[in-house]
Amino acid sequence: MNTHCKLALILAMALVSTPLFALSNSFSYQGRLSDGGTPANGSYDLQFQLQTAAGSNVAAPLVREDVAVSDGLFSVELDFGSAITSADFRLQIGVRPGTSTGAFTTLSPATNIRPTPQAQVAGIASEAVTVSPNAINSTSIADGTIGGADIAFGTVAGSNLASNSVNSLKIVDGSVGLADIDVTQVQRRVAFACPAGSSISAIAETGAVTCETDDVGTPGWSLTGNAGTNPSTQFIGTTDAQPLQFRANNERVLRIEPNPLGPNLIGGFSGNTVTTGVNAATISGGGDGGGANRVTDNFGVVAGGADNRAGNDAGSTEDARGATIGGGIANIASGGWSTVGGGLSNSASGTWSTVSGGGSGNASADYATVSGGQSNTASGTWSTVGGGELNTASGEDSTVSGGFRNAASGARSSVGGGSTNTASGDRSTVSGGILNCAGGDRSWASGNRAKVRPGTNPGSGSSCSGLTYPGGAGDAGTFVWADSQNADFVSSGADQFNIRAQGGVGINTPPRDVNVELTIRGRTSDAFGGNADVQLIVDNANQEGIQFGASNGGTGSNDANFEIAHANGTTYTPRMTLFGSGAVTIRSNNTAANTGVTMAANAGSWSSLSDRRLKTGIVPVNASDVLSRVVALPMATWSYIAQGEAIRHMGPMAQDFSAAFGLGENNTTIATIDADGVALAAIQGLNQKLEGERDALRAENAELRARLERIERRLNQQDAARAKDRRSELLPP
């Protein structure tokens with residue numbers, strides 16, 4: 001009885017019955033497999049999914065690995081348990097090469113399964129007494145319908161069987177027991193024996209034997225452990241180039257593949273794969289039907305999780321070697337020696353790049369790092385994003401420590417945190433706050449809407465947009481800090497120090513007086529005797545500097561003195577003092593000598609130092625000569641270029657003044673004391689001139705007065721003579 005029911009031309013199956021005539025859950029499936037149009041030969045992995053006639057999955061899929069296929073034919077035993085009922089079903093079959101760990105190729109169409117009811121003999125039927133010779137032959141008996149209970153012991157003999165009708169192919173493996181073997185006949189085939197301590201390992205057709213040393217101890221590996229083993233000769237594994245697999249519940253849980261540079265270890269979900277040709281790869285576990293773990297390049301590692309990939313899957317197994325994923329879901333480490341520690345949907349595509357965790361992180365440049373957070377990107381070489389959300393470090397060696405939607409785009413720039421901050425200048429810094437821009441090279445911005453202008457417009461969407469742009473490196477070296485006022489506080493040039501503090505500025509003075517813009521609290525002992533001071537120190541060996549300080553003037557409730565002095569830590573030389581009384585002293589030396597100018601309290605002009613005791617080389621001047629030079633000195637009205645022509649002044653030019661009098665330190669300035677001296681000398685010369693002219697006029701007037709007197713006397717004499725003559729004429733002769 002050798003018949004079976006053929007299905008879909010190339011697939012076949014048979015349902016096996018139990019002695020109690022009920023349908024069993026187990027059945028044998030036979031099929032014919034073609035590869036490229038020709039009957040397949042070799043080892044194949046097969047996957048069987050039981051489905052309803054409508055295509056819905058029933059029970060878990062069964063996988064039969066390394067099934068032998070000869071000339072296209074194969075046979076497997078399947079058992080889907082109690083899932084099979086009297087309804088119609090179908091099998092969806094998938095196939096892959098036996099040496100592969102990849103996905104199964106689905107065969108089409110699915111194979112229909114329609115269980116055929118078995119004929120059963122009624123319990124009240126009478127047994128036939130005789131059967132005509134040859135009335136029942138093999139075609140009259142259905143395959144599998146004659147069981148052991150139907151054949152009496154000892155009734156099957158050679159005379160009942162056709163010659164050579166029963167051979168090894170017709171006998172089920174393992175069905176011939178010891179009682180069925182004539183021991184004496186078998187022993188007649190052994191012509192030789194083995195010495196003590198040895199066993200027969202093989203018997204040739206001639207009866208010759210091959211001997212081997214007896215095994216010591218329990219053969220094979222014990223479920224409770226083995227003792228006395230030799231690891232150089234005793235091991236679990238294969239001695240050819242075939243992989244070693246471990247199964248649990250008949251599902252692969254570990255596969256060890258031999259390779260020249262090191263074995264591949266594939267654990268976890270049976271669908272986890274290592275690309276063919278990859279060496280020394282490891283998948284420790286994880287993976288599921290929704291997403292297998294994969295290693296596509298040499299030395300790659302996926303420790304766990306699901307739907308993770310170590311390698312770039314670009315065809316070559318070397319260009320992304322050493323990539324590592326610790327766990328998580330849907331992560332990709334595609335750069336050489338890159339690492340994703342875990343999290344969700346992270347990508348480390350740069351060489352030696354790292355995403356430690358978080359979600360949707362992207363380290364796309366070489367040596368870039370995203371430590372965590374959500375949707376952060378490190379796209380500059382050696383760049384780092386510490387955490388936060390939607391942050392970007394795109395400049396070389398740039399850093400965003402955290403916060404929200406911050407960007408460090410300048411080389412070696414940094415954003416410490418906050419929100420919507422931009423450090424676009426080289427080596428620029430935003431320490432925190434919101435909507436700040438450090439656009440100039442080596443600039444710093446922090447607080448609220450503090451802006452250091454970049455050289456060019458970065459475009460919309462940046463905290464550095466909407467400004468004016470100076471070009472070049474922007475406002476390089478500028479520091480801007482802005483308080484909470486909701487308005488931009490923008491730099492206007494390079495190397496500035498700008499602070500916007502509506503509540504005032506305090507240094508070493510908490511708590512502050514909010515009504516004072518700048519407060520600096522004094523120390524207990526200093527050059528001002530413990531009063532407030534600010535020092536500007538030159539960083540050299542002498543620590544030279546200028547000191548600004550306030551001291552107690554002692555004249556009333558608002559009596560502080562203000563001084564500007566030279567100071568180097570050991571000596572203190574006042575240069576200018578604004579006294580609490582209102583007086584002012586400005587010294588023109590750095591030794592505290594009494595030179596310079598002063599203004600008395602309530603005065604309106606300067607007093608210049610003119611103490612005879614402080615003068616030398618005293619030479620009297622020729623006042624008349626000075627006057628003549630003053631008269632010859634060109635005078636004009638003019639405007640300073642810086643002030644504009646609307647503001648007019650009058651006086652000589654310094655060059656003419658210097659040429660006329662040879663006074664002062666240079667020929668570009670006129671000292672007020674020299675101008676005053678020339679004016680006084682000219683007045684003296686003018687006085688001398690006027691006095692000389694007065695004396696001459698006095699002499700001339702005296703002479704004229706004498707002449708007039710003489711004329712008057714003559715006229716008087718003439719008048720007297722005429723009167724006498726007139727009287728003489730009037731008298732009678």
(request) Verify side-chain hydrogen bond (donor to acceptor under 3.5 Å, both in side chains) between Arg449 and Asn486, making sure each step is shown before the conclusion. (result) CA-CA 7 Å; Arg449 299 178 66 172; Asn486 192 26; 2.8 Å; yes
Point to revise | Asp426/Arg412 salt bridge by N-O under 4.0 Å criterion | key: no
Q.
Just by distance, no angles: are the side chains of Thr384 and Thr399 close enough, under 3.5 Å, to form a donor-acceptor pair?
A. no
- Message: Hydrogens and angles aside, do Ser588 and Thr595 bring a side-chain donor and acceptor to less than 3.5 Å of each other?
- Response: yes
### Query
Is a side-chain donor-acceptor pair under 3.5 Å present for Asn264 with Asn279?
no
Legend entry - Side-chain donor-acceptor pair present, Arg648, Ser639, cut-off under 3.5 Å: yes
From the list Ser353, Ser364, Ser398, side chain to side chain contact (heavy atoms under 4.5 Å, CB included) with Ser383 holds only for Ser398
Any heavy-atom pair between the side chains of Asn272 and Thr101 that's under 4.5 Å?
no
Assess, by modelled atom type and distance only, whether the side chains of Thr296 and Thr275 contain a donor and an acceptor separated by less than 3.5 Å. no
Output side-chain donor-acceptor pairs under 3.5 Å for residues 597-605, partner residues at least two apart or in another chain, one line each.
none

Answer yes or no for Arg321 and Phe299: cation-pi contact, defined as NZ/CZ to six-membered ring centre under 6.0 Å and angle to ring axis within 45°.
no
* To do: Verify whether one side chain among Glu318 and Asn298 offers a donor that lies under 3.5 Å from an acceptor in the other.
  => yes
In this structure, CG of Asn448 is separated from CG of Leu435 (nearest 0.5 Å) by 7.0 Å
Exactly one of Asn436, Val480, Asp475, Val490 clears side chain to side chain contact (heavy atoms under 4.5 Å, CB included) with Lys451, and that residue is Val490
The reported gap from CG in Asp366 to CD in Glu396 (rounded to nearest 0.5 angstrom) is 11.0 Å
Residues at least two apart in sequence or cross-chain that pass side chain to side chain contact (heavy atoms under 4.5 Å, CB included) with Thr468, listed by chain then number, are Arg453
